[in-house]
Amino acid sequence: MKRFSTISVAWLQLTHNKVRLVVAIIGIAFAAILMFMQLAFLDSLYDSQTALHRRLQADLVLINPKMKTLASTEEFPRQYLYRTMNIEGVESISYLYHGQRSLKYGDTIGGKGVIVIGINPENPAIAFPDSERLLAKLRTVGTILFDRNSDLKEYGTIVQDLATGNPVQAEVNGRQVWIVDTVDFAGASFADDGNIVTSTATFTKITGRSAEYLTIGLIRIKPNFDPQVVLQAIKAQIPSSLKAMTLEEFIDYEKNYWSTSAPIGFIFGVGVFVGFLVGVIIVYQILFNEVSDHLPDYALLKARGYKHRYFLNILFQEALIIAVLGYIPGFALSLGLYAISKDATALPIEMTLTRAIFVLGLTVGMCFVSGAICMGKLQQADPAELFF
């Protein structure tokens, strides 16, 4: 008995009703887009909120444990950071001041405000391109660097005006400052419009805060010393009102807040699940109708000796085919939506290979789940019913 290729049968069944196939592709593409967008926003949340962390020049970090996120900072006395210099294995220390304030340029005032980052130009706590030239400009009190990756829609023509090479006047927290240049820095986030970088002296002037209280203490370890050993020595020396951790742990500390404590991380995670569920429902309806329409044909084939697993192969191959056909336009449209979203929000929204593969896996998975749900319908293909 000549056997038909299950792939050929699956393809012919799907293309027999072209309208139904198009509807299935649109539905799966919609579900894929929904998952792509939710995952992009979730990743951009983590990336934007930890962009500063990844630029810190440190092996170990010292913070006030009341600070769960840089979106809501807490300070600690600077003297405790200096005490760590006495611990074996510590090579150098630096520090960073952090606060959120309003920035006014001309008649424009950003909606969420900017992050004001205060550093010591002689011993910078952060890394950025062309730092030597730019840091020299911060030695004059009242001068700041503007992050060119900020949400520029909120601040008019700052970047264009600075392109002339002359400083421009602005106000931070109601105090006059001079923007002397732009810096390629962390960019906007869900909590702010962007960043400005200042010296310690300028930071205290425009924020009114004391230089004796830091936001983040940074510690560099000497070569050939185990960071964990030095970390434990520091923990033994500092009071319980401080928290010491590695830079990697500090990044995870921030991510953990947004994934567990902040509702926005939970919302994006639910969005991914909803997209998956929508896809399952759509594909189930399509496959259910396909199986229902061809039950008499399946019954006839069963009467001719075809086993039940043959029809299961057809069902799951149909699921795989429509998963791939729906994923392709979903992926292409997501690329366009990413570009639009990045331009509108200034958030780091980019397609990654890992996300593309992950969503493809989810798309195939939701189609297989739908196929598994439809398996029961195949049992109704009874050869005996052909004679009644």
Side-chain angles (χ1 to χ4, degrees), residues 23-54 68-71 111-112 149 151 153 186-194 251-286 319-320 322-373:
V23 171
I25 292 173
I26 293 173
I28 295 169
F30 172 77
I33 290 171
L34 185 56
M35 290 187 290
F36 266 125
M37 295 308 297
Q38 296 298 315
L39 286 171
F41 287 134
L42 185 61
D43 287 345
S44 69
L45 169 65
Y46 295 148
D47 291 344
S48 64
Q49 297 302 147
T50 59
L52 174 60
H53 301 60
R54 294 192 297 273
K68 302 302 181 183
T69 169
L70 278 182
K112 294 177 289 187
N149 298 320
D151 190 349
K153 298 186 300 299
S189 74
F190 282 79
D192 56 78
D193 296 323
I251 294 173
D252 292 338
Y253 186 78
E254 182 80 19
K255 286 183 177 180
N256 181 67
Y257 170 82
W258 291 102
S259 63
T260 60
S261 300
I264 189 169
F266 174 78
I267 290 171
F268 289 143
V270 170
V272 175
F273 174 75
V274 170
F276 183 87
L277 186 61
V278 167
V280 169
I281 295 172
I282 292 173
V283 177
Y284 169 76
Q285 291 294 331
I286 298 299
L320 179 61
I322 59 178
V324 174
L325 292 178
Y327 174 83
I328 294 172
F331 174 81
L333 289 172
S334 295
L335 291 176
L337 290 173
Y338 278 14
I340 294 172
S341 299
K342 183 177 181 178
D343 181 66
T345 64
L347 292 171
I349 299 177
E350 303 282 353
M351 180 62 74
T352 64
L353 178 61
T354 300
R355 188 184 306 139
I357 295 174
F358 182 63
V359 173
L360 175 60
L362 287 177
T363 305
V364 173
M366 72 185 185
C367 291
F368 276 18
V369 168
S370 301
I373 298 173

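For this chain, numbers begin at 1 and follow the sequence in order.
Residue pairs meeting the salt bridge (charged side-chain N to carboxylate O under 4.0 Å, His left out) criterion with at least one member in residues 25-42, sequence neighbours excluded, do not occur. Pairs engaging residues 27-52 under the salt bridge (charged side-chain N to carboxylate O under 4.0 Å, His left out) rule: Asp43-Arg355 [sequence neighbours left out]. Among residue pairs with one or both ends in residues 334-345, those qualifying as salt bridge (charged side-chain N to carboxylate O under 4.0 Å, His left out) are Lys342-Glu350; sequence neighbours excluded. Among residues at least two apart or in separate chains, ring-ring contact (aromatic ring centres under 6.0 Å, His included) pairs with a member in residues 350-370 are Phe316-Phe368. For residues 358-373, there are no salt bridge (charged side-chain N to carboxylate O under 4.0 Å, His left out) pairs, not counting sequence neighbours.
Annotation: ring pair (Phe, Tyr, Trp, His ring centres under 6.0 Å) contacts of Tyr253 (sequence neighbours excluded): none. Looking at residues two or more places apart in sequence or on another chain, you find no ring pair (Phe, Tyr, Trp, His ring centres under 6.0 Å) involving Tyr338. Residues meeting the side chain to side chain donor-acceptor pair (under 3.5 Å) test with Gln38, sequence neighbours left out: none. The side chain to side chain donor-acceptor pair (under 3.5 Å) test applied to Thr50 returns Arg54, not counting sequence neighbours. Residues satisfying the side chain to side chain donor-acceptor pair (under 3.5 Å) criterion with Gln285, sequence neighbours excluded, are absent altogether. Ser334 pairs by the side chain to side chain donor-acceptor pair (under 3.5 Å) definition with nothing, not counting sequence neighbours. Judged as a ring pair (Phe, Tyr, Trp, His ring centres under 6.0 Å), and not counting sequence neighbours, Tyr46 has no contacts.
Put simply, CD1 on Ile267 and CG on Leu42 are 11.5 Å apart, with the number rounded to the nearest 0.5 Å. In this structure, CE on Met37 lies 9.5 Å from CZ on Phe268, to the nearest 0.5 angstrom.
Looking at Ser370, its side chain does come within 3.5 Å of a backbone N or O of Val280 through a donor-acceptor pair. For Lys112 (side chain) and Ala188 (main-chain N/O), no donor-acceptor pair under 3.5 Å exists by modelled atom type. With hydrogens and angles ignored, the 3.5 Å screen pairs no side-chain donor or acceptor of Asp193 with any backbone N or O of Asp151.
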